[in-house]
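Everything on this sheet refers to the single structure shown next.
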There are 2 protein chains.
Amino acid sequence: MKADRSRPQRGRPPTLRDVAAYADVSMMTVSNVINERTARVSEQTRVRILAAIDKLGYRPQRSARGLRMQREYAIGLTIVRPDRRFLDDPYVTEVAAGMSNRLAAAGYGLMVNGVTDVDGLKALLTHASNVDGLAVMASGPRPGREEVYRLLERLHHPLAIIQDDMAGLADTCCFIQDDETGARMITEQVIAAGARTLLFAAPDHLWPAVERREAGVRAAARRRAKVMRIGCNEADFQGSIATILAAFERRGVPDAVVGANDQIGIAAIHAAMQRGLVVPDDLMVTGFNAFPFRQFSGPLISSMRSPAYALGEAAAVGLLSRIDGEGFETTKQVLPVVPAEGVTIRMCRETL
Amino acid sequence: MKADRSRPQRGRPPTLRDVAAYADVSMMTVSNVINERTARVSEQTRVRILAAIDKLGYRPQRSARGLRMQREYAIGLTIVRPDRRFLDDPYVTEVAAGMSNRLAAAGYGLMVNGVTDVDGLKALLTHASNVDGLAVMASGPRPGREEVYRLLERLHHPLAIIQDDMAGLADTCCFIQDDETGARMITEQVIAAGARTLLFAAPDHLWPAVERREAGVRAAARRRAKVMRIGCNEADFQGSIATILAAFERRGVPDAVVGANDQIGIAAIHAAMQRGLVVPDDLMVTGFNAFPFRQFSGPLISSMRSPAYALGEAAAVGLLSRIDGEGFETTKQVLPVVPAEGVTIRMCRETL
DNA sequence: CTGAAAGCGCTAACAC
DNA sequence: GTGTTAGCGCTTTCAG
């Protein structure tokens with residue numbers, strides 16, 4: 001009868017029972033080996049079971065273990081962005097990679113989803129797979145983001161909000177970089193280099209981080225420089241250049257364009273070139289985040305370096321410890337932003 | 001006793017049983033409503049159950065359904081790349097977004113994982129969650145890639161290989177774009193514009209697509225132009241520029257640099273500028289894939305447009321139909337590559 | 001149209 | 001150090 005049980009049925013993957021029968025031990029012993037409860041299994045048995053597992057090509061079935069343990073062994077990452085190519089943004093991909101790597105080390109999977117708006121999110125929640133916790137990156141105006149977070153809050157699993165500082169949500173922790181300080185720092189450099197009129201160029205489809213960067217820019221400029229603001233369609237690079245050129249036309253060329261991110265800063269560099277302006281001599285330009293693509297444009301844009309990958313790691317670690325423990329340790333985690341070298345700010349007067 | 005069962009126990013999410021008790025029907029009826037077997041439930045009952053689901057905040061538990069149905073409701077996407085930031089490559093993110101969107105529509109999740117090499121993959125397979133099917137994008141020399149695919153083949157679930165043309169694997173379908181034809185087309189343009197010496201600049205960490213592009217370049221050049229080849233460290237943009245400049249120094253400036261992708265083509269543009277060469281008058285440059293970032297560099301690089309997003313969709317559709325049906329319909333699926341406008345190829349002689 | 005019973009693969013708790 | 005029992009939440013089957 002041993003032979004009877006030791007042969008997995010054709011077409012069905014081997015189960016714990018098959019391994020146990022093959023190695024001639026109980027299922028529990030196999031389970032103990034798999035879960036590295038080494039104290040409870042003799043070395044000899046362990047080796048034999050490992051061999052059986054390898055021989056049969058056994059892999060534990062997540063759904064069965066999950067049902068028993070009341071865990072899905074998965075964390076979701078949901079992006080709310082108008083573009084269905086929701087991973088085109090390097091910020092998103094850095095966060096996702098950081099999360100995925102940390103989660104994989106703990107035996108968890110990362111499930112990524114993109115939705116274009118709140119209705120898309122509702123549809124997703126109807127059909128989407130369960131997870132043990134959720135990270136979310138939402139763009140757009142604040143009321144829409146709040147609706148997104150409240151929908152997710154109702155799911156009753158731990159929530160990590162990435163790059164939005166939103167208080168008052170149950171079982172939620174916000175993971176943000178210090179955009180305001182970063183924007184203040186780089187704007188102060190520009191002002192120290194002599195700029196008195198600044199053009200803050202933001203994407204017209206807002207990310208919450210942009211709001212904080214604008215606050216930092218205005219804080220640095222207070223009583224020292226004048227700040228104008230325009231919105232660009234980030235999805236249309238040539239259009240962004242045109243928007244910036246139009247702003248030059250209408251309100252004159254400022255001393256500096258402070259881009260809400262590198263993409264827009266680079267658009268400003270292109271706009272300057274098309275007008276025959278030399279960067280940084282005639283016009284200074286700054287960006288934000290310093291992801292590798294900024295090198296493609298010349299001259300290299302002065303920027304602030306984002307800890308996006310580390311933010312993803314932090315969110316993963318936070319969610320995992322929340323799942324194992326009782327609650328988030330804090331309600332907010334802030335990572336610093338540091339200067340990234342570039343050549344689109346003139347040397348400071350002090351430095352000269 | 002109804003009240004007894006209708007109240008979900010505190011701290012435990014509501015189950016089908018809770019919903020059934022609350023709506024005063026059997027569990028099966030609730031299940032039928034959820035799975036839209038509308039024929040078997042009266043409209044009245046359906047509405048009542050839907051209300052109960054909403055009231056209780058019930059969400060079906062994936063692991064339980066999965067155990068019963070022998071499905072994980074998840075597809076894996078595994079990237080084999082030396083960089084732990086495995087999503088930095090726009091090709092990968094387009095594929096991932098295409099897959100994720102298609103899978104979500106079918107109620108499946110996409111689990112993304114990155115590993116740096118074969119050992120990382122082995123470690124991942126030990127701990128990673130089960131899936132119903134797997135897509136893989138592997139880089140590096142061919143023997144290593146073959147080892148990757150064979151490891152995954154042993155998992156005994158359907159496998160979608162993205163951008164590698166590898167025959168002879170069980171239950172596997174390759175999804176590739178027609179890189180060879182695309183490379184031949186763009187190289188022919190360059191030759192028609194008068195180029196006789198070509199420098200094919202490839203990343204030194206190979207992607208399989210690059211092999212096909214090189215074949216296309218050489219096919220176009222046969223008996224008409226001479227092809228040299230260099231490898232650049234793609235992770236180091238400044239280093240790539242230096243490598244290209246060194247090649248100019250050592251072997252003379254070619255008529256055209258044919259980049260294996262846009263990143264490398266853009267590095268060639270920077271190299272040309274640093275040497276005072278005008279593109280395309282003194283040196284033509286081409287790239288490949290035409291993802292949005294190519295606009296950041298000026299002049300706009302002439303390229304071929306990749307259907308990467310569609311490739312991801314195709315892989316998702318193929319895997320899903322394979323899971324539901326009996327086998328992959330084909331063993332390979334090839335998507336076309338079309339020209340993307342740019343200004344780094346001189347006008348053709350014929351055109352002038 | 002609805003209900004009852006059985007079991008998917010796994011592990012905690014408790015024997016031995 | 002190893003075995004037994006019970007049950008996680010869901011759906012298929014079959015009986016009303």
- Query: Can you check the A:Arg71 CZ to C:dC10 C1' distance for me, whole Å?
  - Reply: 15 Å

- Let me know the distance between CZ of A:Arg59 and P of C:dC10, rounded to the nearest Å. 12 Å

- Task: For the residue pair A:Arg37 and A:Asn32, confirm or rule out a side-chain donor-acceptor distance under 3.5 Å.
- Result: yes

- Give a yes/no on whether any side-chain N or O of B:Thr15 is located under 4.0 angstrom from OP1 or OP2 of D:dG9. no

- Note on the structure: Each nucleotide of nucleotides 11-16 of chain C classed B (base within 4.0 Å of a protein heavy atom), S (only sugar-phosphate) or -, in 5' to 3' order, makes BBBB--

- Message: Run the side chain to side chain donor-acceptor pair (under 3.5 Å) test against A:Tyr149 and tell me which residues pass, sequence neighbours left out.
- Response: A:Asp164

- Task: Starting from C1' on D:dG9, measure out to CD on B:Gln61 and report it in whole angstrom.
- Result: 6 Å

- With respect to the phosphate group of C:dA4, does any side-chain polar atom (N or O) of B:Ser26 fall under 4.0 Å of OP1 or OP2? no

- Message: I need the CG-C1' distance between A:Leu67 and C:dC8, as an integer number of Å.
- Response: 9 Å

- Does a salt bridge link A:Glu43 with A:Arg46, judged by any charged N lying under 4.0 Å from a carboxylate O? yes

- Query: Between D:dC10 atom C1' and A:Asn130 atom CG, what is the distance in whole Å?
  - Reply: 13 Å

- Item | Distance, rounded to the nearest Å, where B:Arg17 contributes CZ and C:dA4 contributes C1' | 12 Å

- Query: Without hydrogens or angle criteria, can the side chains of A:Arg65 and A:Asn35 be said to hold a donor-acceptor pair below 3.5 Å?
  - Reply: yes

- Phosphate-side-chain proximity, B:Gln70 and C:dG9, N/O vs OP1/OP2 below 4.0 Å: yes

- Query: OP1, OP2 of D:dC10 versus side-chain N and O of B:Ser63: anything below 4.0 Å?
  - Reply: no

- Message: Any donor-acceptor pair under 3.5 Å linking the side-chain atoms of A:Glu72 with those of A:Tyr108?
- Response: no

- Name the one of A:Ile49, A:Leu16, A:Asp18 that satisfies side-chain contact (heavy atoms from CB on, under 4.5 Å) with A:Tyr58? A:Leu16

